[in-house]
Amino acid sequence: VWVVKPGVDRVDGCVAVPDVEALPERVDLLVLSVDAERAVDLIERAIASRKAESVIVIPGGFEESDGGASRAARVRNALRSARSEAWRGPLLVGGNCLGVRSKPGRYDTLFIPTYKLPPTDGPTAPLAVISQSGAFAVAQASRLGRLNPRILATIGNQSDLTLGDWLEHLRRDPEIRVFACYVEGFRPLDGLRFLEAARAIVDSARTVVLYRAGRTAAGARASASHTASIAGDFEVCRSLSAEAGVVVADGLGEFEDLVRLHVVLGDRPPGGPRVGAI
């Protein structure tokens, strides 16, 4: 682990370097927790120097904000240029996200103090939570209590990696049985990619639970201002998702209950003719 911070030699025992170009090797993951303008500069420099295989962009200030479109365009141009080269450039999560907590990857970039989100020391649940909203993902993790997701990913503006990309990749992990998705909107044609990945998951006897924000006109405007998402038509999204076998929640409370239910009881066969309800 290296820290990029000029003027110091170490931060909490980690070696510090003054800039991205000074990293001694190409890193697996570069986490940018700086303002949006500096983040764009660092992305361009990391790509030019080939110093990162993947980048998590924490700050907002891109498509969802006034004046952010030019920053987003610079990032897209840098990524497009890199992908025309042999190394293909880095994958990018965000911007405007809280990052990723990965149990198999053994890293946590959420930057949430433990008094707000205590670490879970129980067994890892066969659950992936993929959320456009970082605040929602953290609140969900807190409410799930001892259900410790294998993957907790916040994807923000989806400037590069989209919900469909995440679902298509994670469906190949046999340890994940339930995929909980909080969506504010889809990138062009990514709704189709999401549906195809969801159908493949359902066909493998696993579960996708979806909560789709932005149901009303006011909600759609809120989603657009939050992660620059085009909400689209809620009823179309609901119908197509249900047709693909997705479990669609009607409210946030129901979403939480459905996720918990499918994680705890999803693979348990019925054992008798009676039902107990609490």
Side-chain angles (χ1 to χ4, degrees), residues 4-6 19-21 29-49 51-84 88-100 109-112 130-139 152-166 181-191 193-194 212-234 237:
V4 179
K5 183 175 176 63
D19 51 49
V20 168
E21 291 86 352
L29 175 61
L30 175 65
V31 182
L32 298 180
S33 184
V34 294
D35 64 78
E37 193 62 41
R38 289 187 64 204
V40 174
D41 178 59
L42 288 168
I43 291 167
E44 291 173 333
R45 289 164 56 188
I47 290 174
S49 58
K51 285 295 186 178
E53 290 291 349
S54 55
V55 182
I56 292 177
V57 184
I58 303 293
F62 295 91
E63 294 103 328
E64 82 287 354
S65 66
D66 291 337
S70 61
R71 299 188 190 105
R74 285 174 59 190
V75 171
R76 286 194 297 269
N77 288 338
L79 289 171
R80 189 181 302 115
S81 175
R83 286 177 187 158
S84 66
R88 306 292 292 164
L91 294 173
L92 188 144
V93 182
N96 192 22
C97 74
L98 275 185
V100 178
T109 74
L110 297 182
F111 297 112
I112 303 299
I130 311 168
S131 171
Q132 274 191 271
S133 165
F136 175 83
V138 170
L152 179 68
T154 69
I155 62 177
N157 291 1
Q158 305 178 90
S159 298
D160 183 29
L161 290 180
T162 63
L163 175 65
D165 290 329
W166 278 95
C181 302
Y182 172 87
V183 185
E184 295 181 350
F186 295 95
R187 286 295 184 182
L189 293 180
D190 197 56
R193 187 172 173 84
F194 165 79
R212 170 67 160 61
R215 298 162 172 239
T216 64
R221 287 193 298 271
S223 293
S225 67
H226 182 217
T227 53
S229 295
I230 300 173
D233 188 286
F234 171 75
C237 177

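In terms of heavy-atom proximity, Y182 sits nearest to A213 at OH-CB, 3.6 Å. Closest non-hydrogen pair, R71 versus G61, comes out as NH1-O, 2.7 Å. Here the closest heavy-atom approach between residue C97 and residue I56 is recorded as SG-CG2, 4.0 Å. In terms of heavy-atom proximity, A39 sits nearest to V57 at CB-CG1, 4.3 Å. In terms of heavy atoms, A52 sits closest to P90 at O-CB, 3.3 Å. Between G89 and A82, the shortest heavy-atom contact is CA-CB, 3.7 Å.
Note: R187 CZ to D165 CG = 11.5 Å, rounded to the nearest 0.5 Å. In this structure, the separation between CD1 on I58 and CZ on F111 is 5.5 Å, given to the nearest 0.5 Å.
For the pair D41 (side chain) and R38 (backbone), a donor-acceptor distance under 3.5 Å is absent. Distance alone, capped at 3.5 Å, places no donor-acceptor pair between the T162 side chain and the Q158 backbone. Of the possible polar contacts, none joining the E44 side chain to the A78 backbone as a donor-acceptor pair under 3.5 Å is found. Checked by atom type and distance alone, the side chain of S131 never pairs as donor or acceptor with a backbone atom of T154 at under 3.5 Å. Using modelled atom types, one side-chain atom of D190 and one backbone atom of G164 make a donor-acceptor pair closer than 3.5 Å. Checking side-chain atoms of S159 against main-chain N and O of G94 turns up a donor-acceptor pair under 3.5 Å. For E184 (side chain) and S133 (main-chain N/O), no donor-acceptor pair under 3.5 Å exists by modelled atom type.
Between D160 and R83 a salt bridge is recorded (basic side-chain N to carboxylate O distance below 4.0 Å). Checked for salt-bridge contact, K51 and E21 miss the test: no charged N lies under 4.0 Å from a carboxylate O.
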Candidate pair Q132 and V183, rule side chain to side chain contact (heavy atoms under 4.5 Å, CB included), full reasoning: CA-CA 6 Å; Q132 274 191 271; V183 185; 3.7 Å; yes
Evaluation steps, side chain to side chain contact (heavy atoms under 4.5 Å, CB included), between I112 and L98: CA-CA 9 Å; I112 303 299; L98 275 185; 4.1 Å; yes
Residues S54, L29; criterion side chain to side chain contact (heavy atoms under 4.5 Å, CB included); working and verdict: CA-CA 5 Å; S54 55; L29 175 61; 3.5 Å; yes
Test side chain to side chain contact (heavy atoms under 4.5 Å, CB included) applied to F194 and I130, step by step: CA-CA 12 Å; F194 165 79; I130 311 168; over 6 Å; no
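A donor and an acceptor atom, one from each side chain of N77 and R74, are nowhere located under 3.5 Å apart.
Of the options V55, N157, L92, a side chain to side chain contact (heavy atoms under 4.5 Å, CB included) to V75 is made by L92 and by none of the others.
Within the 4.5 Å cutoff, side-chain heavy atoms of L32 are placed close to those of I43.
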